2 protein chains.
Amino acid sequence: MTYHRNIPALFNPENVAIIGASATTGKIGNVVLANLLEAGFAGGIYPVNPKSETILGCRVVRNIRDLPDSVDLAVICIPPAEVAGAVDELGKKGVKSIVVITAGFKEIGGNGWYLEENVKKLAEKYGIALLGPNCLGLINTGARLNTTFAVGQPARGNIAFFSQSGALCVSILDWAQERSLGFSKFISIGNKAILDESDILAYLAEDPDTRVIIGYVEGVECGQRFLQVAQNVTREKPVIMIKSGKTGAGAKAASSHTGAMAGADQAYEAAFVQTGIMRVSALRDLFNLAQAFSSLSLPAGPNVGVVTNSGGPGIMAADAIELSRLIMAPLSASTVDALKGILPPFAAFYNPVDVIGDAKADRFSGAIDIVLKDEMVHSLLILVSPTARTGVSDVARAIVEVVAKHNKPVFACLMGGPAVREGREILVRAGIPCYDFPEPAIQAIEALNRYREWKVQPMPVEVCYRRNITKAREIIRKAQADGTQEIVEFQAQGLLKAYELPIPDTRLCRTSDEAIAAAKQIGFPVVLKIASPQISHKSDVGGVKVNLKSPEEVQAAFLDITSRAQRQRKDAYIMGCLVQGMVARNAKEVLIGFKRDPQFGPMIIFGLGGIYVEVLRDISCRLAPLSLSDAHDMIREIKSFPLLQGVRGEESVNFTAIEDILLIMSQLSLDFPEIHEAEFNPVLVNSTGAWVADVRVILAPAPDAGTCGLKE
Amino acid sequence: MTYHRNIPALFNPENVAIIGASATTGKIGNVVLANLLEAGFAGGIYPVNPKSETILGCRVVRNIRDLPDSVDLAVICIPPAEVAGAVDELGKKGVKSIVVITAGFKEIGGNGWYLEENVKKLAEKYGIALLGPNCLGLINTGARLNTTFAVGQPARGNIAFFSQSGALCVSILDWAQERSLGFSKFISIGNKAILDESDILAYLAEDPDTRVIIGYVEGVECGQRFLQVAQNVTREKPVIMIKSGKTGAGAKAASSHTGAMAGADQAYEAAFVQTGIMRVSALRDLFNLAQAFSSLSLPAGPNVGVVTNSGGPGIMAADAIELSRLIMAPLSASTVDALKGILPPFAAFYNPVDVIGDAKADRFSGAIDIVLKDEMVHSLLILVSPTARTGVSDVARAIVEVVAKHNKPVFACLMGGPAVREGREILVRAGIPCYDFPEPAIQAIEALNRYREWKVQPMPVEVCYRRNITKAREIIRKAQADGTQEIVEFQAQGLLKAYELPIPDTRLCRTSDEAIAAAKQIGFPVVLKIASPQISHKSDVGGVKVNLKSPEEVQAAFLDITSRAQRQRKDAYIMGCLVQGMVARNAKEVLIGFKRDPQFGPMIIFGLGGIYVEVLRDISCRLAPLSLSDAHDMIREIKSFPLLQGVRGEESVNFTAIEDILLIMSQLSLDFPEIHEAEFNPVLVNSTGAWVADVRVILAPAPDAGTCGLKE
């Protein structure tokens, strides 16, 4: 994976300069220096300040020019208007990386926006890996590097955290301290003038100190690059993220059916699904999962065993497991027999195994050992209520001992307060994640299992279809030259043909006589549709008649359709009617479309036609390029999927034919950035094949790249 | 509300005897006595033990006969086989209430079941309010009464907790201690031989020390009584409950469509909705909500203001609010102006109001005061990240001061660990609930607002419809006499007529000539349906033909239907065909049914006919008796509701007509417990009315009361 070539200097500098270091306690330039000293950074530390002599015992450098050449990281905390000048000087000195803590840039709009653009251009000019501006700084515990102005030093650990919100970073550091969570790297990415989440992810993927990556973002800088990077990172290590601003973004009004149904958050959702990033919506879930990934190996499968000393929580765990994608492990007969040998007669020998309230450490230990030996058990959850006889700390020690004999992930839930505190510490120290309640434990087990599923799946297969790009381009250029934003159906059909899409035989007829002649050639029955560049929703004006069986019916339909359209849409130029063969017997209607998301580029949309999409909003989304498995999953993800499989003895539709059209749609969307959105609706599908029966193509007002170039 | 007449003695006894008190430390009979003494119980305490002289300084009574007559509560902790004898003796002494802590009864099956039946019969004979067996005991902090064998004394507070799981009680007590949560009553209900959740709820509703009731159950003892009691309790005070075993129960295979779609958990879900009990699925949610209800008044409406010093958490709060039924309060222009007067220029003046990271107590205080003054703000959430300059404890004190000036519920979220600990204590002491993260705070605000909505809604209106019960009974008796379990359609139509349900004109015809004659009388077009007691899913055998427009079509359809049916179902007795008028033009099909739930009695089911119910499982459920608003809500709750409202310019269907049929179905289900389940499917509905076009009625194998008598 590629990332900015100077990121290593940012995380592992030899020497650090602090531009704007201050002798005044409480000032940011003072706190940053104090933190760096307190962290025990071993390299050179150079406070830069035009007035002071020494700060916190460090000799001060008067200006940037006087810095030694070996400085490879500078932390900037001077007023915003002076930042660009400092970056320029640092660039000239050959400084490789910069953290701009100073706020007052893009986030305040107006002049701040221009200030940031200057900083960005200079950083680009000198090839500087610049973090921020408007950030808290960064921490690399392995290098004893802390350039933040937050209070306290985080413990060393294998969790890497990055966040777009600086104040949130402060909370998280403080919060982690209470729970003895340790970090490998801690990065506040701020305004992302140069380095963004993709750079950070790519770097962390290769960082040997990091086992799990967690992040908070409000938006992704460059969607297409993020997709590529993230997909590779998740093959290496788990990534868990919060993307906030779910709902606000959805409020954007969009211009067409497809648009109205796919809000921006759906693009993020698709991006997370396709890259294998685990998305959570609450902060506590972020750390809940991080804790599990940081200490446990992945389970070999979805089966969970539960050992409890209390019936109620056992039932609640079983509920949570059945409502997740996990499975209550069916215990083998020999396991049940072995349990009967050591547990009292009124215990429960099936999953959940209830060792009963009077169990002490030995009984817990025996039952856990037996259950972990069962091949059908892939992971284990142990629930302990501190009953009068439990001896929680003894139980915890016994758990640690017996778990060490097996190679399966084990989760504990010690339910209580003071009575279980010591037990919890014993478990966490031994790398057994410990929770207050069953539900978060199940959530963590499910995440581990999902990540296993993700890692074992084959790399996505990309399919390339033959198409006549030259012909397609001609049609689009002509429409652009004509100044139309929507490609009329008959031209759009040319586009379909260029992509070798299956379409019913269709002819544009200007008179009812032409229509009758065409119908005879195509063969009855036929469909008639209004043809007008201005009418995109044909049914709304009574512009579609199906199953016309004779010349008389065709004639009547032609006159009816055209006269209605003329009456109802006085603005519309009526070209005539399209006559179309009714190829698909017993066909169902599906919709395949795409919409160009401002962040991620083309988002492909699938759903059953008509009310399923329009009223029940039953759609699935993926970002282009679609892989074969994306197309496969999209079809199966909608709630109305059983209707495509066939109900009441119907035949299943041809799924391969739908997959082909989804993949061709993906290809079309990438071939022509000048197409803003497209919709095949309906696509008729039966057991033998699928046909695109109607199509709308909307062009972008001006050519639009829709993607951003990959960095370096 | 009525409850067992001796419950007051259970919670507020004058004198307590402990049957099986023990001098051995750690034994239950010892711990219970120690707890009672430690709690500081002021009444007489009588340990009963045949061998000892004194235990823990109390003079021992040798046997029950020697107890003074003034003992009104006995706690039993002797072996299970001896319990019935003790209850008998205590009954003879006139003891009013008993807690049976001893386990080894119904929960272990076999002989335990008989032991419990004996205990139950004796308690009933003497009118004793008996709690348990197999329970932890009970605590009434107001009376300094603790009869449990759990470790530690809970703090006094206004939360009442009851639980069917004893071990869970232990966890909860320990857990609450850590969070300084106080209880008014704490009740482990165990096997519920005599007292169940309904008794406890009814008593707690009147308890002046209890402000909010929380409970954990695995099942409800007597569903119909629970419905009545709970509905009254929630008018008085909020009730929050966990019902576990959601998924296991759903596994029961059921006998018909309707049955297969409505698992037992749906009955519980309906019960909670109809009684206004707030159901949560995780323990932490239970206490999260309890904390809010215990200290705050209800908000006047759904609008939430948010004041934050950190952008990220503000966005996350806004997301959570928009995804809930709450509303981000739109701030009035004067509020925004006032905020602009006191906040720095780069602050956010709209909701969420961001006072920015460098805000200290005064800026928080000023913004909170302004936002709370806004009439559009019904409740407020304050988010604090401990940035370097925040001074969290000062902020907390400022919040307490400014919130006291207003009369609106305020929630805080101090995000962090050690840095916010003192601040959290300051807030909680002042009755401001304080959370780690925004999401649980939003969940609590939503619950408060839902409860407000519940309290202000009018009492349910019950509607009674005219019907001919005698005629209906005749039809059912005849079917029972014939030994048929399913009432054939034509007889079932008699049932519909007795309930004055709107049905299309329908005639049973044995020959095609009869069918033609009937069609002429009814008027074309008509529908033909196979008539056979053995064929309940007519479409599966091609047994339905619609829109028959002529005598010829009727004749062909008759022959086709009957011959197909004979070929495909050799077991079936073919009576002929039903000829039915097609009354409803542009009609949609809905399904209205009921199924008898073993706990709660009849559960009414509503959905759109065909695939919407069968494939998409889009149904709504309520328990009988339905109120007018239940019927109203059921129709609007299904996802496909917009289809009934009409899409693409269609007319809306007649909702009142559907409500009538739902209410009549409810009445039918209550009038005849011998009907096991019934289904009107399809009910045809258009803008003018609704007609029951087909019906299935299944009788119970033997008369089945389906309800349990109300106690006392």
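Just so you know, these numbers come straight off a predicted model, no measurement behind them. The sequence lines fix the lettering, A, B, ..., with proteins before strands; numbering per chain opens at 1. Heavy-atom basis, side chains included; hydrogens, waters and symmetry copies ignored.
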With distance as the sole test, does B:Ser171 use its side chain to make a donor-acceptor pair with the main-chain N or O of A:Met415 at under 3.5 Å? yes
I'd like to know if the side chain of A:Asp319 and the backbone of B:Ser244 have a donor-acceptor N/O pair within less than 3.5 Å.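 Pair absent, no side-chain N/O of A:Asp319 close to backbone of B:Ser244.
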Within this structure, what is the CG-CZ distance for the pair B:Leu286 and A:Phe437, rounded to the nearest 0.5 Å?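 Taking CG in B:Leu286 and CZ in A:Phe437, the distance rounds to 9.0 Å.
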For B:Asp618, is it the side chain, the backbone, both or neither that has a heavy atom under 4.5 Å from a heavy atom of chain A?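 It is neither, since no heavy atom gets under 4.5 Å.
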Using non-hydrogen atoms and a 4.5 Å limit, figure out which bit of B:Ile242 sits close to chain A: side chain, backbone, both or neither.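 Looking at B:Ile242, just its side chain touches chain A.
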Who in residues 638-646 of chain A is close to chain B, using a strict under-4.5 Å heavy-atom cut-off?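 Heavy-atom contacts from residues 638-646 of chain A to chain B are A:Lys639, A:Ser640, A:Pro642, A:Leu643.
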At a heavy-atom distance under 4.5 Å, which candidate from [options] has the highest pair count against chain B?
options	answer
A:Gly312, A:Ser310, A:Ser165	A:Gly312
A:Ala419, A:Ala282, A:Pro418	A:Pro418
A:Pro440, A:Cys169, A:Pro438	A:Pro440
A:Gln164, A:Arg284, A:Glu107, A:Arg421	A:Arg284

So [Y] and [X], do their side chains get closer than 4.5 Å, heavy atoms only?
X	Y	result
B:Asp285	A:Glu439	no
A:Pro386	B:Val151	no
A:Leu168	B:Ser385	no

Contacts of A:Tyr612 that satisfy ring pair (Phe, Tyr, Trp, His ring centres under 6.0 Å) - sequence neighbours left out: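 Ring pair (Phe, Tyr, Trp, His ring centres under 6.0 Å) list for A:Tyr612, sorted by chain: empty.
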Where B:Gly416 and A:Glu178 come nearest, the two heavy atoms and their spacing: O-OE1, 4.4 Å
Could you report the tightest heavy-atom contact between A:Val420 and B:Asp174, atom names first, then the distance?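 Answer, listing the atom of A:Val420 first, then B:Asp174: N-OD2, 3.8 Å.
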Assess the residue pair A:Asp436 and B:Leu283 against the criterion (side chain to side chain contact (heavy atoms under 4.5 Å, CB included)); give the C-alpha distance rounded to whole Å, side-chain angles, the decisive distance to 0.1 Å, and a yes or no. CA-CA 9 Å; A:Asp436 274 24; B:Leu283 282 169; over 6 Å; no
